[in-house]
Amino acid sequence: MKRIINPLILPMAIVSLLVIGMYNASAQELPSDTATFSLTIRKDMVSKAGKSVPAMTVNGGIPGPTLTFQEGGYAVIYVTNEMDVETSVHWHGILLPNFFDGVPYLTTPPILPGETQKYEFPLKQAGTYWYHSHTMLQEQSGVYGSFVIEPKEKTLDYDSELVILLSDWTNQKPGNVMRNLKRGNEWYTIKKGTSTPLNQVIGRGALGAQLNFWKQRMEGADIADIYYDAFLNNGQETSHYPDFAPGEKVRLRFINGSASSQFWLTFGGEDPLLVSADGLDIEPISRNKTFIAIAETYDFIVTLPESGKIEISAMAQDGSGKTNVYLGEGDILAAPELPRPDKIGMMMKMAKMDMKMGAPAMKAKPSEENPKAMMDKWGMQMDKEGMQKMDMKQKGQSSAMDSEMNDSRDKPMDHSKMDHSAMDHGKSQAMDQQNTMEGKGHKMPGMEMFSEYNYDYLKSPEKTNFPADEPVNEVLLNLTGNMWRYIWSMNGVPLSEADKIKVEGGKVTRITLNNLTMMHHPMHLHGHFFRVINENGDYSPLKHTVNVPPMQKITIEFEGTEEGDWFFHCHVLYHMMGGMARVFSYNSPRDPRLKGFPLKKLINESDEYFSWGTAEIASHFVGLNLVSSNIRNQFNVNVEYGFNKNFEAELSYERYIYDYFRVFAGLNMENEIPESMDDIGASAVVGIRFLTPFLFNLDVRLDHKLRTELRIDREIMIFPRTSIFGSYEYQMDFGWTNSLPETGEDSSYKGETTWSAGASYMISRNFSIMGSYDNRFGAGGGLSLRF
């Protein structure tokens, strides 16, 4: 019987062999030590502080699982989104290809609902890192976890290790937290017990300091913005690890995965050995009290005592709470207790300093940044004598540095621990600049209050400086903010109005971070390690996150050897979402895989509208105030109705020119006849609104009848939870467009005065009891509802 051969068999067999060969070749190219993980993000009900609330979990937990890899290996991570909103994952501190960095719309597509995204990258480093969502406020909801890369060769002496991931927890929805910050509600400081009402200020003899702050449009010193229901370590308020034996050496990998909380770490028993910062080895140093900023990681080695268990305390920076870890068994070896910060004392010290606060968070012309002029105008101001002393010191340091650099220029650096150009030889001249900025040897008056916030205790085991002949691109970034409207920016320009910052390959980018605000800002650069210039000069440490204390300067620098666009931002989540972020760009072509995912989606996240309102129900009137606002635009609705039949309503739109000045237009309606609703008049109005020094709200307007009007109001907290308020309005009618009624007096002019005064007591975030007198409505009291 003759066999019939299908003519397609041979070509198909050849194709199959080619495919199999390609697959085998590809399989051979993959590292044998590839580690694969799968993460699933979903919405769940979670109870972390005594109340079950909606949250987001990773593999069913908060935090997500610890992902452990080996240095030199290869990571493959599948992330599945089972939510009804998009998400993302950023691998914080990991050196990887730009496309897998995980910032949606900038480097990586978002993970859409129901989709799975694959991340893969070689592991060039060892150390303690973490991962978290970079989508809106999801990090606060629970999308974070730890990422550990074990070293190829163990160089430190320890027996076991433990990851401790610190975080903060609120039972509120993060969007409501942001809304509360935007509206300027004082509830968080009241709830934490960190408010500074006028009675306490006067009792401390700090009224002059308070007036100084008010003059500069500042309520007072601030440390942390938000009240948290709990502070957590590994998802618990208190954790106990009894299995560590006496004498055992434990490497503790601390990660601050908080959204908005910085911590002081203290240890019971003997002082621990600090061995690593942001994943990289440092010269080991015995250190107990250590400040860990948001997004930083620190590794300590502790030795379990022969008897007793070690207490480790992480206290929130403002003293509003803490979370504890216990190692071992037996009696507690307590961690040192730290006092709560003295905010009124800080105000008094700062009032004695020649400091100009209140630098603008937004400008009339954002395209004209002029950061040098901003630095010269705002912040710490020094007299000529102080500057001359610092200049002389700088010249001496510069000569010594030049000599040292000439001696060490040709000495090679060991790159075995990290295959990354950020660890090449480098310049030390930035240290001279940093010494000048910080006033080394010539401390500016009052600056001792921030002296413990420095990185001088961190020293790299190897030189980190760059070649002396490598060109340097200097970048000055003033960190700016407006607590009144909760807008954060750099050089007075929020992200939504900012251009990219160009990074040139083959050059060192040296960034001066000048903090012109009263808040700490932990600044993180994606995809890079940078030198943090400190007193260790050539041995300044490498980090991926650096905390910039209030009214201080820090210099960082890195070598431009990457490609693509990289995010740089404050890691206080609400500051980042308020606009304190920029894009560092190598001007590389955009990855074609990002087609359909425009960058403007990320840029505009910091310019979203937030809306809120207040309703007042009292015995003499009812009122309603509605606001919807983004960075530049605001819509307002105000309605007041007195039970004696006096009525006023206004709808207005206002445009912010800069922080404190805006123009507006609207429609005003009110009864023309007192205590009668028979004649309601309407008038179009235009004008300006201005937040004056000493925090008075000023409104100057003109209506279509050419009547001018002045309005001014103010509110002051005089006791904890208790505020007084007052408003004054005066309208002038010269009869330019209508005939004034004959009154027997001067009929060519009519003036009308409206005023009110009262007090309120804050019961909760949403409710207050109030009482007031209004010359239209009379006296009465009732309830204020905030929503």
Side-chain angles (χ1 to χ4, degrees), residues 46-50 59-68 127-128 130 144-148 150-151 154-169 228-258 261-277 284-292 296-316 319-339:
V46 172
S47 179
K48 293 292 183 182
N59 286 11
I62 297 178
T66 298
L67 309 184
T68 304
T128 305
W130 65 301
Y144 56 87
S146 48
F147 193 111
V148 174
E150 298 287 356
K154 185 177 177 181
T155 58
L156 297 170
D157 179 24
Y158 59 93
D159 304 306
S160 55
E161 60 183 60
L162 174 67
V163 173
I164 301 176
L165 200 166
L166 305 172
S167 59
D168 44 29
W169 182 261
Y228 281 103
D229 295 284
F231 298 101
L232 309 176
N233 70 83
N234 295 342
Q236 306 295 321
E237 293 188 64
T238 301
S239 297
H240 184 202
Y241 299 93
D243 295 335
F244 295 114
E248 187 173 356
K249 293 184 176 181
V250 185
R251 179 173 187 162
L252 301 174
R253 299 179 179 268
F254 281 93
I255 303 165
N256 188 350
S258 297
S261 300
Q262 328 226 48
F263 295 97
W264 284 106
L265 295 175
T266 55
F267 298 76
E270 296 183 0
D271 289 350
L273 195 66
L274 177 59
V275 296
S276 176
I285 180 173
S286 180
R287 185 175 177 83
N288 195 316
K289 180 185 174 185
T290 302
F291 185 73
I292 181 168
E296 289 186 318
T297 72
Y298 286 111
D299 290 15
F300 295 86
I301 295 177
V302 299
T303 301
L304 271 291
E306 290 303 317
S307 63
K309 59 185 174 186
I310 296 174
E311 179 185 53
I312 304 169
S313 176
M315 186 188 83
S320 60
K322 63 181 180 179
T323 179
N324 292 333
V325 179
Y326 296 93
L327 307 180
E329 292 189 285
D331 295 334
I332 295 175
L333 300 177
E337 288 282 341
L338 301 179

T238: side chain to side chain contact (heavy atoms under 4.5 Å, CB included) partners, not counting sequence neighbours
Y326
Among residues two or more places apart or on two chains, list those pairs meeting salt bridge (Lys or Arg N to Asp or Glu O under 4.0 Å) that have a residue in residues 229-246.
none
Does any part of the side chain of V148, heavy atoms only, come nearer than 4.5 Å to the side chain of E150, both counted from C-beta?
yes
How would you list, by chain and number, every residue that makes a salt bridge (Lys or Arg N to Asp or Glu O under 4.0 Å) with K322, sequence neighbours excluded?
E337
Working note: F244 + I310, criterion side-chain contact (heavy atoms from CB on, under 4.5 Å); need CA distance, chi angles, decisive distance, verdict.
CA-CA 10 Å; F244 295 114; I310 296 174; over 6 Å; no
Which pair of heavy atoms, one from G269 and one from L333, lies closest together, and at what distance?
N-CB, 3.9 Å
So, do V275 and Y158 sit near enough that their side-chain heavy atoms are less than 4.5 Å apart?
no
Quick one: pull up CD in E161 and OG1 in T68 and give me the separation to the nearest 0.5 Å.
7.5 Å
Residues that D157 engages under side chain to side chain contact (heavy atoms under 4.5 Å, CB included), provided they are two or more places apart
K249
Between atom CD1 of I312 and atom OG1 of T323, what is the distance when rounded to the nearest 0.5 Å?
10.5 Å
Can you name the residues that form a side chain to side chain donor-acceptor pair (under 3.5 Å) with E306, not counting sequence neighbours?
none
List in chain and number order the residues that pass side chain to side chain contact (heavy atoms under 4.5 Å, CB included) with A335, two or more places apart in sequence or in another chain; answer none if no residue qualifies.
T266, E311, S313
All heavy atoms of L304 vs all of A245, minimum pair found to be CB-O, 3.3 Å
For a quick test of reading the model, state the closest non-hydrogen atom pair linking N233 to N324 and the distance between them.
ND2-O, 3.0 Å
CG-CZ distance between L67 and F147, expressed to the nearest 0.5 angstrom
6.0 Å
Of all residues at least two apart in sequence or in a different chain, which pass the side chain to side chain donor-acceptor pair (under 3.5 Å) check with D299?
T128, R251, R253
Start with the C-alpha distance between L327 and L162, add both sets of side-chain angles, then the distance that settles side-chain contact (heavy atoms from CB on, under 4.5 Å), and finish with yes or no.
CA-CA 10 Å; L327 307 180; L162 174 67; 3.9 Å; yes
Heavy-atom pair with the smallest gap, counting every atom of S320 and F231:
OG-CZ, 3.8 Å
Could you note down all residue pairs passing salt bridge (Lys or Arg N to Asp or Glu O under 4.0 Å) where residues 267-276 supplies at least one of them, sequence neighbours left out?
none
What is the minimum heavy-atom distance between G145 and W130, and which atoms define it?
O-CB, 3.1 Å
Using salt bridge (Lys or Arg N to Asp or Glu O under 4.0 Å) as the criterion, list what pairs up with D159, not counting sequence neighbours.
none
Within the distance-only criterion (no hydrogens, no angle test), does the side chain of D168 pair as donor or acceptor with the backbone N or O of S261 below 3.5 angstrom?
yes
Rounded at 0.5 Å granularity, tell me how far OG in S146 sits from CD1 in I255.
4.5 Å
Can you see which heavy atom on P336 is nearest to which on F267, and at what distance?
CD-O, 3.3 Å
Of all residues at least two apart in sequence or in a different chain, which pass the side chain to side chain contact (heavy atoms under 4.5 Å, CB included) check with I62?
V46, K48, A55, T57, Y144, W169
Gap between atom CG of L252 and atom OH of Y241 - 0.5 Å precision:
10.0 Å
How many angstroms lie between CD1 in I301 and CG in L156, if you round to the nearest 0.5 Å?
5.0 Å
Listed by chain and number, what are the side chain to side chain donor-acceptor pair (under 3.5 Å) partners of T290, not counting sequence neighbours?
R287
Pairing residues for S258 by the side chain to side chain donor-acceptor pair (under 3.5 Å) criterion, not counting sequence neighbours:
N256
